Amino acid sequence: MTWNKEEMMDSIRKGQNREIVRMAEKIINFTELAADDASWGRGRELGTLTFRCNSDMGLISLFQISSKGCIRILLNYLREKEVPKPAIRDFVLKLEANFLFDYDEESYPIDSFQDMDELFHTSAQVDKFINAVEGLAYRLRQ
C-alpha cells in the first residue's frame, strides 16, 4: 500500500488530539511544498512521509513523519552520509534550543520515532523546526 496525505491525516486524526493533528498537517504541507522529494511509505500498518533534499551526495533524507503522529529526525543518518559538520552542528543547535533535548551522538545514538506531543508543545515550536529544516536543506543544496 502506498500512503498519501488523506490516508496519513485520517490515521493521525484517529490517534491524536486536535493540536497534534494541526501540527502534523503543517509539517506534511511543508514537506510536500519544500522537499525536493516527498517520499510516501508503503507499509501496511505504518505510513511515513520522508522529507528528502538534493545535495552533492544525491537525495538526503532529513526527517520522517508517521501515520501514528510521530516524527523521526534523521541526524545519525546525516552523520553517516558525511554531511558537512558545520551544517549538522547548526541544525543540532537549532533543534536543541527548540526541544531542550540533547541531540549529540551519545544522547541520541539512533534515529527513532518520537511522539509529536512530547516534542511540540506550541505551534511556534513547529515553525522553528520547519525553519531549522529549511536552513539545513538550503545548505545541502549549495
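Here the structure is a predicted model, which means the values were calculated and not measured.
Remark: the Glu134 side chain and the Tyr138 side chain contain no N/O donor-acceptor pair separated by less than 3.5 Å.
Hydrophobic clustering (ILVMFWY, side-chain heavy atoms < 4.5 Å, transitive): Phe101 and Ile20 are in one cluster.
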Between Phe99 and Lys128, is the side chain to side chain contact (heavy atoms under 4.5 Å, CB included) condition met? List the steps. CA-CA 10 Å; Phe99 299 131; Lys128 288 178 183 177; over 6 Å; no
Walk me through whether Leu49 and Trp3 qualify under side chain to side chain contact (heavy atoms under 4.5 Å, CB included). CA-CA 8 Å; Leu49 173 60; Trp3 288 77; over 6 Å; no
Stepwise side chain to side chain contact (heavy atoms under 4.5 Å, CB included) check, Tyr108 with Val92: CA-CA 11 Å; Tyr108 194 76; Val92 167; over 6 Å; no
Does the pair Asn29 and Lys5 meet the rule for a side chain to side chain contact (heavy atoms under 4.5 Å, CB included), with working shown? CA-CA 9 Å; Asn29 289 339; Lys5 182 178 180 178; 2.3 Å; yes
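Phe120 has its side chain out of reach of Gln114: every pair of non-hydrogen atoms, C-beta onward, lies at least 4.5 Å apart. Contact check for Phe63 versus Ile71: side-chain heavy atoms found under the 4.5 Å cut-off. You'll find the side chain of Pro86 reaches within 4.5 Å of the side chain of Arg139, heavy atoms only. Side-chain contact check for Lys26 versus Asp127: some heavy-atom pair is nearer than 4.5 Å. In this structure, Leu59 and Asn54 have side chains that are in contact, with non-hydrogen atoms separated by less than 4.5 Å. Ile65 places none of its side-chain heavy atoms less than 4.5 Å from the side chain of Phe51. For the pair Met116 and Val126, the minimum side-chain heavy-atom distance is 4.5 Å or more. Under the 4.5 Å side-chain criterion, counting only non-hydrogen atoms from C-beta, Leu119 is not in contact with Gln125.
Salt-bridge formation is not detected for the pair Arg22/Glu25: no Lys NZ or Arg NE/NH1/NH2 atom is positioned less than 4.0 Å from an Asp or Glu carboxylate oxygen. Salt-bridge formation is detected for the pair Lys94/Asp90: a Lys NZ or Arg NE/NH1/NH2 atom is positioned less than 4.0 Å from an Asp or Glu carboxylate oxygen.
Rounding to the nearest 0.5 Å places CG of Leu62 at 9.5 Å from CG of Leu75. Atom CZ of Arg72 is separated from atom OG of Ser61 by 9.5 Å, given to the nearest 0.5 angstrom. Once rounded to the nearest 0.5 Å, the distance linking NZ of Lys68 with CG of Asp115 reads 11.5 Å. With values rounded to the nearest 0.5 angstrom, Glu82 atom CD is found 13.5 Å from Arg79 atom CZ. To the nearest 0.5 angstrom, Leu33 atom CG is 10.0 Å from Ile130 atom CD1. Atom-to-atom distance recorded for Ile110:CD1 and Ser112:OG is 5.0 Å, nearest 0.5 angstrom.
With hydrogens and angles disregarded, a donor-acceptor distance shorter than 3.5 Å links the side chain of Asn4 to the backbone of Glu6. Panel note: side chain Thr31, backbone Ile27; a donor-acceptor pair is recorded below 3.5 Å. Between the side chain of Asp36 and the backbone N or O of Arg52, no donor-acceptor pair lies under 3.5 Å. The backbone N or O of Asp104 lies less than 3.5 Å from no partner atom in the side chain of Asp102, so there is not a single donor-acceptor pair.
Looking at every heavy atom in both residues, Met57 comes nearest to Pro84 through CE-CD, 4.5 Å. In terms of heavy atoms, Cys53 sits closest to Leu140 at SG-CD1, 3.6 Å. Of all heavy-atom pairs between Ile88 and Val83, the closest is CD1-O, 3.6 Å. Considering every non-hydrogen atom in both Ser66 and Leu46, the closest pair reads CB-CD1, 3.8 Å. Summarising the geometry of Gln64 relative to Phe113, their closest heavy-atom pair is OE1-CZ, 3.7 Å, with the distance given to 0.1 Å. The nearest pair of heavy atoms linking Ala97 to Leu100 is O-CD2, 3.9 Å.
Not less than 6.0 angstrom separates the ring centroid of Tyr103 from the ring centroid of Phe91.
Annotation: Asp56, atom CG; neighbour count of heavy atoms from other residues, nucleotides and ligands within 6.0 Å does not exceed 12. Around atom CD of Glu45, no more than 12 heavy atoms belonging to other residues, nucleotides or ligands sit under 6.0 Å away.
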